[in-house]
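Every value quoted in this text rests on a predicted model; they were computed, and no experiment measured them.
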Amino acid sequence: MGTVCVLDCGRRPLLVLGPHGTTEVETDPGLPCGRGDLLSRAPAVTPRTLGPGHLLVARSGGVTEARNRDCTLYPRPNG
C-alpha cells in the first residue's frame with residue numbers, strides 16, 4: 001500500500017487498475033504545465049492511496065489521439 005500525490009495539468013485523467021476494475025482518479029484540473037504564472041493560487045494536489053494489486057496508469061493525448069500520415073485517427077481496439 002502507498003500514497004501518490006497527483007497534480008493535474010489538464011490532461012487525460014489518471015486511471016487506477018485494481019482487482020475489482022478500473023477507476024479514474026478524481027482531481028481538480030489545473031492549467032497546462034508551464035502556465036502556472038496565470039494562477040492566482042497554488043495548484044491543487046490530490047493524494048490517492050493505492051492498495052495491494054493496484055496500478056496507477058498515466059496516459060497522454062499523444063497516445064490516445066495518435067494519427068497516421070493521412071491525419072486519420074488510429075482505430076481503437078474497442079471501436
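Evaluated for a side-chain contact (heavy atoms from CB on, under 4.5 Å) with Val16, the options Val4, Val57, Leu55, Leu50 yield exactly one hit, Leu50.
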Under 3.5 Å, sequence neighbours excluded: what are the donor-acceptor pairs made by side chains of residues 19-26?
none

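Remark: the backbone N or O of Asp70 is paired with a side-chain donor or acceptor of Asn68 at under 3.5 angstrom.
Closest heavy-atom contact between Thr3 and Thr49: OG1-OG1, 3.4 Å.
For Ala44, the side-chain contact (heavy atoms from CB on, under 4.5 Å) criterion is met by Asp28, Arg41, not counting sequence neighbours.
Through side-chain heavy atoms spaced under 4.5 Å, either directly or across other Ile, Leu, Val, Met, Phe, Trp or Tyr residues, Val45 is tied to Leu7.
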